2 protein chains.
Amino acid sequence: MNSESSTSGVSPDWVDGETKVEEAPHDHGDETRLWLRLLTCTTLVETEVRRRLREEFDFTLPRFDLLAQLERAEDGMVLGEVSKRMMVSPGNLTALVERLAESGYVSRTVSPKDRRVQIIALTEAGRAAFRNMADRHGEWIGDMFKQLSARDGAALMKELGKLKNSIRATLTNPQ
Amino acid sequence: MNSESSTSGVSPDWVDGETKVEEAPHDHGDETRLWLRLLTCTTLVETEVRRRLREEFDFTLPRFDLLAQLERAEDGMVLGEVSKRMMVSPGNLTALVERLAESGYVSRTVSPKDRRVQIIALTEAGRAAFRNMADRHGEWIGDMFKQLSARDGAALMKELGKLKNSIRATLTNPQ
DNA sequence: GGCATGCTTTTTATGCTTAAAATATATTCG
DNA sequence: CGAATATATTTTAAGCATAAAAAGCATGCC
């Protein structure tokens, strides 16, 4: 998924990916269309957020997401826990954390109890930078969602909750 | 976004990214929570699709998406058009198409009318391979969405339509 | 204590993705 | 015609992402 651009001129003239997949024989067409619409919405928002993070803060979304995770862990977090929460592979985080540490936004401490474990925490600079970006982030989202009434928003939240449960049930139950 | 894993053991024990961002001052908290739920659903589905594509077909999602676009263009498609429909940058497609051409799934033809333009089309092998994968893809989605009633699915489709319009309005109107 | 086992993180190989610059071709307009 | 401008694609540099294997450490059990 995804894409960004502005100068390279992709973003504003996208067509719509919602008709990506043709009907399957046993007809899961409705579900597939729903899935593609979901994907389209997510991609539109995510791409815009990436673009703005880059433009306004010269920051990437993965970096932002990592700071966001640490924001609510006063005493820092073990790398493996960050991996689970961010839904990314542990190997992915090695380089990401490395770069954020270089920039001075996070600190790494080897656990005294278990020397395999790294505790990652926000520095003061990281906390300040994140707050700044998170404020703007909220505004961007608010802007993109603004035509949705409170009622529609609540309904969507509820329906997505059901969907999430359905997905999780399938993933948990291997078949 | 994203992640896969199975042997590397990330996928099944994810925690949930829905609480990534804290409240913003001017309070777009509701919208942000909604956005994070949307993102979670998309990530869960997308990751599973990637995993299964790899496992069952040794194929990647971008490759699959590209074939899906070409499937409905009998006479092929210009690269730029594919780029818009897939919502990815043109530069991205160069290598992707190259690899799919190597595998014999797509053909590239220079347009006789405009030598800048490449027309990409499915080969018979590509068409067959895609149909095979698309069938399974439909089943996976059907499976993950199966706890959602037809009524809920329809409601979700409708609400997402409204959201999409809201997002597009904001993106089209640069402020 | 010492070995087997398992957990946490890093490394490696590969592929996806973008932005920006470069290249190549087409079109427009003076 | 020829220069400026526009369009289509590729190249480049950097970063993100995964799976699988390797390395390092802890723990349990004999």
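Each chain gets a letter, A, B and so on, in the order the sequences are listed, and its residues count up from 1. Nothing here was measured: the structure is a model prediction, and the numbers come from that model.
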Donor + acceptor pair across side chains of B:Asp152, B:Ser149 (<3.5 Å)
yes
What integer distance in Å separates A:Leu79:CG from C:dT10:C1'?
10 Å
With B:Tyr105 via ring pair (Phe, Tyr, Trp, His ring centres under 6.0 Å) - residues at least two apart:
B:Phe59
Listed by chain and number, what are the side chain to side chain donor-acceptor pair (under 3.5 Å) partners of B:Glu56, not counting sequence neighbours?
B:Arg136
Can you check whether A:Arg63 has a side-chain N or O nearer than 4.0 Å to OP1 or OP2 of D:dC16?
yes
D:dC16, OP1 or OP2 - any side-chain N/O from A:Thr60 closer than 4.0 Å?
yes
Send over the distance from B:Glu46 CD to D:dA17 P, rounded to a whole Å.
11 Å
Reading DNA chain D from 5' onward, which residue's closest nucleotide shows up sooner: A:Arg116 or A:Leu96?
A:Leu96
Measure the distance from CG on A:Asn92 to P on C:dG15 and round it to the nearest whole Å.
18 Å
Any side-chain N or O of A:Arg115 less than 4.0 Å from the OP1 or OP2 oxygen of D:dG24?
no
In whole angstroms, the gap separating P of D:dA17 from CG of B:Leu53 amounts to 19 Å
For A:Leu61 and D:dA17, what is the distance between atoms CG and P respectively, to the nearest whole Å?
8 Å
Just compare C:dT17, D:dT9, C:dT10 and give me whichever is closest to any side-chain atom of B:Val78.
D:dT9
Check this one for me: any side-chain N or O of B:Arg108 less than 4.0 Å away from OP1 or OP2 of D:dT10?
yes
Among the nucleotides D:dT9, C:dT10, D:dC25, which one has an atom lying closest to any side-chain atom of A:Asp114?
D:dC25
Figure out the CD/C1' separation between A:Glu81 and C:dT9, and round it to whole Å.
15 Å
Spacing of A:Leu100 atom CG relative to D:dG15 atom P, expressed in whole Å
12 Å
With under 30° as parallel and over 60° as perpendicular, where do the rings of B:Phe145 and A:Trp35 fit, or are they tilted in between?
perpendicular
So what does A:Gly91 touch, heavy atoms closer than 4.0 Å: a base, only the sugar-phosphate, or nothing?
base
Heavy atoms only: give me the nearest B:Leu53-B:Phe64 pair and the separation to one decimal.
CD1-CB, 3.7 Å
So A:Leu93, base contact, sugar-phosphate only, or nothing? Heavy-atom distance under 4.0 Å.
nothing
Once you round it to whole Å, what is the distance between P of C:dA20 and CZ of A:Arg50?
15 Å
